[in-house]
Student: 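What follows is a single structure, and I will ask about it in a moment.
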Amino acid sequence: MTPTDETGERLHAHAAALFPICRSITGKGLRQTLAYIGRHIPLAVTEVPSGTAVLDWTVPLEWTPRAATIRRMSGEAVVDFADHSLHLLQYSHAVDRTVPRGELDRHLHSLPDQPDLIPYRTAYYADTWGFCLPHRTRLAMTDPEYRVMIDADLQPGALSYGECVIPGTEADEILLSVHSCHPSLANDNLSGIAVAIEFARAWATRPHRLGLRIVFLPGTVGAITWLARNRDRLQHVAHGLVLTCLGDAGPPTFKQSRIGNAAIDRAAAYALGELGHADRVQPFVPYGYDERQYCSPGFNLPVGCLMRSPNGTFPEYHTSADSLDFIRPDALAGSLALLQRVLAIAEADRTWRNTQPFGEPQLGRRGLYAKIGGAADAGPGAAAFDQLTMLWVLNQSDGGASLLDIAERSGKPFDAVAAAAAALAEAGLLVPA
Ligand code: ZN
């Protein structure tokens, strides 16, 4: 096995461990998921009581599903929640009665165009119940009545979210947001959790300028809850990414933040360009995942979304076909490597000021010619640079252009520009702008 294969297998194993759990926006499944994450990386879990006002929303009641079946009157189970967590409409309330087939039909959800798949459906804010099932099963249900049983509670409880915080040497942070509320769906949900876990583990192995904050939370209301409780720290969000759909075989996709040309937008575009996927940068739209919340106009945070195939563009999306077979170890490993590259660029993309801007400083006197051509400082991202790269960095570092600006204007590789800047800073010719 190559190291990449091993990484891919480790990522896939996280998804496999979490797959059977019936997660929702609150409750036991979400807590079990956070507990699993907390066994692999440091995680602080916050519980916010039902009824708490969060921005324009209210933390919902906690949902506890225990069992749910549709049985023929003979007792034979036709649909059983124990077989697949997608079978129960999320936030269904309790039912225990005989239901005529016609009435039952209004509570069934299936996909006529994909008759063998179970759809994923939710009813968080509707007082109802329902089942999701293959269309073929639904068509075969021809008895006049069925016995419906849903053993579930909707009670005051709490909304749970987890935060993994790895401080940097500066107050500014990278925010990664991972929705963790989907039940047995592998690409939409679990791939993001798996990549985030392994990203945090790798990130923690060396010191960083920027802090890392990963939030694992239920979609929409979880992000709204986190934002409501963290307004005082939002000015420290230097770069942000929502992570989702990172395990399918499609090429990587970056959806820009609402800002569009924030440092994270440019770092992601650069990293995709290195992979030959410059065409996979998509503009912001106020739909999709929790970037909708982070990029709402009042916050307007620099948060984009990193995916492979975008939500809604693959036929497995929000169905039982988004299974462990649908996500691939190599794709997960590729996504992790891309995330690492994007954030390495974002962290290194600083703006400097030339301390000797009047004429060219004497490079030889400062030993800088000796550094050309070699990657002497074998730090992360260390790269060889030529004299022209150094001259570009000196010329452009007037406090306005960032290293990515300089790389793009000069056509020199970003890593070479960053290495030249590091050498110049060490020689005292650059200071942070
Ligand atoms: Zn989804």
Side-chain angles (χ1 to χ4, degrees), residues 14-15 18-27 29-30 33-34 37 57 60 63 65 84-92 109-111 113-114 117-126 130 132 159-162 176-196 214-226 241-250 252-255 282 284-295 303-327 331-332 335:
H14 289 311
L18 293 168
F19 189 78
I21 299 173
C22 183
R23 277 163 290 276
S24 187
I25 54 172
T26 61
L30 178 58
T33 301
L34 296 176
I37 297 166
W57 293 53
W63 185 55
H84 204 299
S85 75
L86 289 177
H87 274 317
L88 186 56
L89 176 74
Q90 292 240 320
Y91 267 66
S92 287
H109 305 268
S110 64
L111 300 166
D113 296 337
Q114 295 171 294
L117 305 183
I118 309 167
Y120 165 51
R121 292 282 186 274
T122 66
Y124 303 135
Y125 305 103
C132 305
L159 178 152
S160 322
Y161 64 80
L176 300 180
S177 180
V178 189
H179 66 284
S180 308
C181 55
H182 287 27
S184 303
L185 295 169
N187 200 34
D188 182 4
N189 201 165
L190 297 180
S191 67
I193 295 174
V195 168
I214 310 182
V215 294
F216 298 89
L217 36 69
T220 308
V221 70
I224 284 169
T225 301
W226 184 85
L241 287 171
V242 169
L243 304 179
T244 183
C245 296
L246 289 167
D248 63 275
T253 305
F254 175 71
K255 178 179 156 183
Q282 300 188 347
F284 175 79
V285 285
Y287 195 66
Y289 295 97
D290 286 326
E291 64 275 14
R292 286 156 72 168
Q293 314 311 331
Y294 302 115
C295 297
V303 177
C305 181
L306 195 65
M307 303 167 271
R308 300 190 81 88
S309 296
N311 50 299
T313 65
F314 48 96
E316 295 83 358
Y317 176 71
H318 278 190
T319 75
S320 52
D322 184 357
S323 66
L324 291 171
D325 294 335
F326 180 57
I327 58 169
L332 290 164
S335 297

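Excluded from the calculations below are hydrogen atoms, water molecules and symmetry mates; all remaining heavy atoms, backbone and side chain alike, are included. Atoms within each ligand, like the ligands themselves, are counted from 1 in listed order. Since the structure is predicted, the reported quantities are computational estimates derived from the model, not experimental observations.
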Student: Where do Asp322 and Asn187 land on the side chain to side chain donor-acceptor pair (under 3.5 Å) test, with the steps shown first?
Tutor: CA-CA 6 Å; Asp322 184 357; Asn187 200 34; 5.2 Å; no

Student: How would you list, by chain and number, every residue that makes a side-chain contact (heavy atoms from CB on, under 4.5 Å) with Cys132, sequence neighbours excluded?
Tutor: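 Result, side-chain contact (heavy atoms from CB on, under 4.5 Å) vs Cys132: His109, Ile118, Pro119, Arg121.
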
Student: Given the rule in the side chain to side chain donor-acceptor pair (under 3.5 Å) test, do Ser177 and Tyr294 qualify, once you have shown the distances and angles that lead to the verdict?
Tutor: CA-CA 10 Å; Ser177 180; Tyr294 302 115; 2.7 Å; yes

Student: Please check if the distance between the ring centroids of Phe326 and Phe314 is under 6.0 Å.
Tutor: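 Close enough - the centres of the two rings lie under 6.0 Å apart.
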
Student: Please determine whether the number of non-hydrogen atoms from other residues, nucleotides or ligands lying under 6.0 Å from atom OH of Tyr287 exceeds 12.
Tutor: no

Student: How many protein N, O or S atoms are found at a distance of less than 2.8 Å from the Zn ion (ligand 1)?
Tutor: 3

Student: Measuring only between side-chain heavy atoms, which start at C-beta, is Thr244 closer than 4.5 Å to Val178?
Tutor: no

